[in-house]
Amino acid sequence: MRKLLILTTIFLLSTGLAQAQFNTVTFTPASFAGDEQFTFTIDVAGTPLASETDLYIWTWCNKDEGSSFPGRDGLTNTDWGNSPDIAKFTHVSGTVWSFTMTGTSMYGLTPGQLKNFQFLVKTKTGSKQTADSPKFPFAAVNYVPSVYRLFPSKSDQSDAISIYFYQGLATSINESRMVPLTFTVKGFDANGQVGSSVSLPVQMIQSGIYKVSFIPALSFEVPAGVTLTHFTYTVDGSYYDSNGNPIIVSGPENTKNFDVLH
Amino acid sequence: MKKLSFLIIFIVIAFMGCTPDNDFTVGTKQDRVKQLSGTWTLTSVTQTDLFAKNYNYNDPANPNVNLISQNISGIAPFSNIKLTLGLNGTAPGTFTIDYGSAPPVFNLTAGTWALDNNITPGKLNLINGTDTTKLVLYNLNYLSANQFGLSRIRYEGAKPVIQYDYAFQKN
């Protein structure tokens, strides 16, 4: 029994190590559509691949995403036991490696067919490998309706930002039955909230669609030298309770991370 | 024979009438530098999401909601912004920008300005030391009517993501 326990432990440990996940993945640009080239950087420190001098990608897209997003292997997946040169990662430094690709070329699908992709890192012969990466999304090239929409999709603290509230798409009872009155927005940097919360009156642009617009750097009175990292926004509104008394309710708090623009 | 001659002359004249007008002159040359000089007031600002534009975003359920561009003139006191372009002889010289209480959308407040082509400009740079704000001219043909526009592109890495179009009216 003791031997079995030890064997089981060894097996589990060895499997875990052999399939160890690589560390942080950083994308440049931060988001990308299927037809846009991007580079991602990984760190294989702590994995069985840490001391390897050549690393290769094994990648696929749209796993279990249905017929609108067909699954495909990357064109680099030619032979598990003998990965081609086009699958090679570029060595950045130490245990950090990068790979540059474009979804449409890699998977042979249109931008509209690409929802997400995954990869693992391996040796040329496949004798060592990491576990599968999480799913990394491609930016939707078709407009996808949602309860809240930010315009523009990319922004930093100096940009004009509009928050749209599509009440007809709301699923929570408070968001559905309120009469939207304001949005409460808060700005944050790495140390916490910057300035005060700001209440912005909504403008109805057509039945069921509301909007507020603001410039974070102005609204939050951001001091010189302070860079905001994100802001939060919450829709506030009112309705009458069962006794006929008006009550104020709020939707969920949403977060938008600022992008790095120049 | 006389009839034949008339017929030939008629045909020749008719064909000459079909000759394309190859007058490709570009009109009277304008002194764009001089037209650009002076003090200009910002009259409107349009913001375009270039990702949405690139993929022609539209919302069939709400066709009247523009997902690509919107006029943001009312978001901040942009009409406070006054741009003064001075001359150095007949060439671009110094500039100043008075933002009033508006956000400093061009980053700089003073310096020199330069064009990519002083005769038919397409780009205008605002320069202060090592800082340059790169802008694209539009509505150049409205300069004679004391109007023109400047576009500014914002980038994420090398990818253009937002375009601001600033329309100006000469004071």
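A note on names: the letters A, B, ... follow the listed sequences, proteins ahead of strands, and every chain is numbered from 1. This is a predicted model, so every value here is computed, not measured.
Residues satisfying the ring pair (Phe, Tyr, Trp, His ring centres under 6.0 Å) criterion with B/F95, sequence neighbours excluded, are absent altogether. A search for ring pair (Phe, Tyr, Trp, His ring centres under 6.0 Å) contacts involving B/F168 returns B/F148, not counting sequence neighbours.
If you measure heavy-atom distances from A/A217 to chain B, you find no contacts under 4.5 Å at all. Proximity to chain A involves both the backbone and the side chain of B/L67, based on heavy atoms less than 4.5 angstrom apart. For A/I205, the part lying under 4.5 angstrom from a heavy atom of chain B is the side chain only. Only the backbone of A/V260 has a heavy atom closer than 4.5 Å to any heavy atom of chain B. Contact annotation for B/I68: only backbone heavy atoms (N, CA, C, O) come within less than 4.5 Å of a heavy atom of chain A.
Counting only residues at least two apart or in different chains, salt bridge (Lys or Arg N to Asp or Glu O under 4.0 Å) contacts with residues 179-202 of chain A comprise A/K186-A/E253.
With chain B as partner, the option from A/G112, A/A140, A/G208 having the largest number of non-hydrogen pairs under 4.5 angstrom is A/A140. Per-residue counts of heavy-atom pairs under 4.5 Å with chain A were compared for B/G157, B/A52, B/G74; the largest is that of B/G157. Per-residue counts of heavy-atom pairs under 4.5 Å with chain B were compared for A/P29, A/P152, A/G168; the largest is that of A/P152.
Checking A/I215, A/I161, A/L218 one by one against B/I75, the side chain to side chain contact (heavy atoms under 4.5 Å, CB included) holds for a single residue, A/I215.
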Short donor-acceptor separations (under 3.5 Å), chain A to chain B:
unit_1 : atom_1 : unit_2 : atom_2 : d
A/S31  : O      : B/K159 : NZ     : 3.1
A/D35  : OD1    : B/Y55  : OH     : 2.1
A/D35  : OD2    : B/Y55  : OH     : 3.0
A/E36  : OE1    : B/K159 : NZ     : 3.2
A/A140 : O      : B/Y57  : OH     : 2.6
A/S153 : N      : B/D49  : OD2    : 2.8
A/S153 : OG     : B/D49  : OD2    : 3.0
A/K154 : NZ     : B/E156 : OE1    : 3.3
A/K154 : NZ     : B/E156 : OE2    : 3.3
A/D156 : OD1    : B/R154 : NH1    : 2.9
A/D156 : OD2    : B/R154 : NH1    : 3.1
A/D156 : OD2    : B/R154 : NH2    : 3.0
A/S158 : OG     : B/R154 : NH1    : 3.3
A/D159 : OD1    : B/R154 : NH1    : 3.2
A/D159 : OD1    : B/Y164 : OH     : 2.6
A/D159 : OD2    : B/R154 : NH1    : 2.7
A/A160 : N      : B/Y164 : OH     : 3.3
A/A160 : O      : B/Q47  : NE2    : 2.7
A/S162 : OG     : B/Q70  : NE2    : 2.6
A/Y164 : OH     : B/Q70  : OE1    : 2.5
A/Q206 : NE2    : B/N62  : OD1    : 3.0
A/H262 : N      : B/Y155 : O      : 2.9
A/H262 : O      : B/Y155 : N      : 2.8
A/H262 : NE2    : B/G157 : O      : 2.7

